[in-house]
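Residue numbers start from 1 in every chain, and the chains themselves are labelled A, B, ... in the order their sequence lines are given, proteins ahead of strands.
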Number of protein chains: 2
Amino acid sequence: MAEKSTRQCILDTAEKLFALHGYHHTSLRKITGEAGVNLAAVNYHFGSKKALLEAIFEYHLVPLNRIRQENLKAVRDRSRRLNQPMEVADILRAFIEPTLRYRDSSSKTRYFIALVGQSMTETDDTVRRIFLRHLRPLGFLLYEILKEALPHLEPETLYWRLQCTVGAISHIMRLTGDMHITPEGIHPSQDAETLIEQLIPFLTAGLEAP
Amino acid sequence: MAEKSTRQCILDTAEKLFALHGYHHTSLRKITGEAGVNLAAVNYHFGSKKALLEAIFEYHLVPLNRIRQENLKAVRDRSRRLNQPMEVADILRAFIEPTLRYRDSSSKTRYFIALVGQSMTETDDTVRRIFLRHLRPLGFLLYEILKEALPHLEPETLYWRLQCTVGAISHIMRLTGDMHITPEGIHPSQDAETLIEQLIPFLTAGLEAP
DNA sequence: GACTTATTCATACACTTGTTTTAAACACTT
DNA sequence: AAGTGTTTAAAACAAGTGTATGAATAAGTC
């Protein structure tokens, strides 16, 4: 980490270690040690450990969420323009595709997406609050659009199916490369295309189930 | 916590706090404070904080896993005896039903099931290792039985669909009562019957998707 | 009763955490 | 050359952590 700025060194190392071991199990001394910078540099550049985490989320999630939101609205607008019902698979793709494509765009973003997947299920408030602040509007939009695409579903049924969907997606996002329970002889590929083509049929069928 | 033994007081309070705030964000002082026992009691009765967690898992998961395993094998045996293909919904029910029924059997078990749901996604090794030691055999059995029920699926496809299933189930198990993202006006009921009847159609359709 | 064992208690220990402070260098612009 | 923002160094801070100790008390047994 010699060429990049100190600030960027910290960001890169932090998001990697946060994703690998979680926010709370990653001390500032580990981050600054691996980044090769001084311990005080974090508080100088970011103010606090929490602010460092917020900066990481801000950096990746603002542009990514804009894309996901635009994609979702594009699906809805197109359906209204053509006066055709929305396809659940299109809605899911609008949400999932940018996420996993972004994940595959570099080794750094891969760590970040794993971090996002973890944040949803964090037991501690610090991480979850930051995460929810960024994702709540998008979650509501997804719910509204799915409600429009599946008007025959009871609100409660849609709610639980969306919860299942969120659980499945976040679980896939968490898998950074270390398979926890892999049956013998199976070495599943993890590239974005594979995951997208596996996720969407599963979730579409689940959401559209009778 | 006056009538119960000190050991049981610690167990009850610990599994509640572990489920609410996570293993690492729950200090022994918080546990013993809320349980109304002395700090040293944990190390006296269990040896260490880690051993306390192991005792909690042992206490609940050994009997619960035996039931789930018996149910799974019963579905397979019945299919072989009648020479009929297995129904995916029956397999899922054999796994999910005991879990959520156990969850609803008391306020204590509800906390424990939430704790199990968290453990799968814990960033720290301590918790995940203990969890996996108990669940790995059951996971393999579930995979083998699903492979038998869905012989036309590519092994990789089955693997990813099982991952989605695990993600969805664990996410539902994590919800103890505080809904993170609840759309306005929706107050979904969380009793075992509702959850079972919501989960199984969703997951069956996903696993059987074309 | 006395004696032994099991349990509870207050306290101290060693350690890690995030954060702050001091000082001294370095890089850069005007 | 002066000044400004950055970086490093070393040290200390208060707070919190799991664990260990030894004395005090309770429970059980002969």
- Item | Minimum-distance nucleotide to A40(A) side chain [options: dT20(C), dT7(D), dC9(C)] | dT20(C)

- Query: Between the main-chain N or O of Q163(B) and the side-chain N or O of H171(A), is there a donor-acceptor pair closer than 3.5 Å?
  - Reply: yes

- Pick the nucleotide of DNA chain C nearest each of A41(B) and K50(A); which residue has the one closer to the 5' end? A41(B)

Pull out every protein N or O sitting under 3.5 Å from an N or O of nucleotides 15-17 of chain D, one pair per line with the distance.
residue	atom	partner	partner atom	Å
dT17(D)	OP1	S27(B)	OG	3.3

- Rounded to whole Å, the CG-P distance (L53(B) to dG18(D)) equals 12 Å

- Message: Between T13(A) (side chain only) and I10(A) (backbone N and O only), is there a donor and an acceptor less than 3.5 Å apart?
- Response: no

- Message: With a 6.0 Å cut-off (strictly less than), is the heavy-atom count around CD of E156(B), excluding the residue itself, greater than 12?
- Response: yes

- Message: Centre-to-centre under 6.0 Å for H25(A) and H24(B), is that the case here?
- Response: yes

- Message: Can you measure I31(A) atom CD1 to dG18(C) atom P for me and round it to whole angstrom units?
- Response: 8 Å

- Message: Under a plain distance cut-off of 3.5 Å, with no hydrogens placed, do N65(B) and R68(B) share a side-chain donor-acceptor pair?
- Response: yes

- Message: Rounded to whole Å, please give me the gap between CG in N43(B) and C1' in dC13(C).
- Response: 13 Å

- For N38(A) and for Y44(A), find the nucleotide of DNA chain D with the closest heavy atom, then tell me which residue's nucleotide is more 5'. Y44(A)

- Taking CG from L39(A) and P from dG18(C), how many angstroms apart are they, rounded to a whole number? 9 Å

- Message: Can you measure H45(B) atom NE2 to dA6(C) atom C1' for me and round it to whole angstrom units?
- Response: 9 Å

- Query: For E54(B) and dG18(D), what is the distance between atoms CD and P respectively, to the nearest whole Å?
  - Reply: 16 Å

- Separation of dT7(D) atom C1' from F46(A) atom CZ, nearest Å, is 14 Å

- Query: Would a distance-only check, ignoring hydrogens and angles, find a side-chain to backbone donor-acceptor pair under 3.5 Å from S189(A) to D191(A)?
  - Reply: no

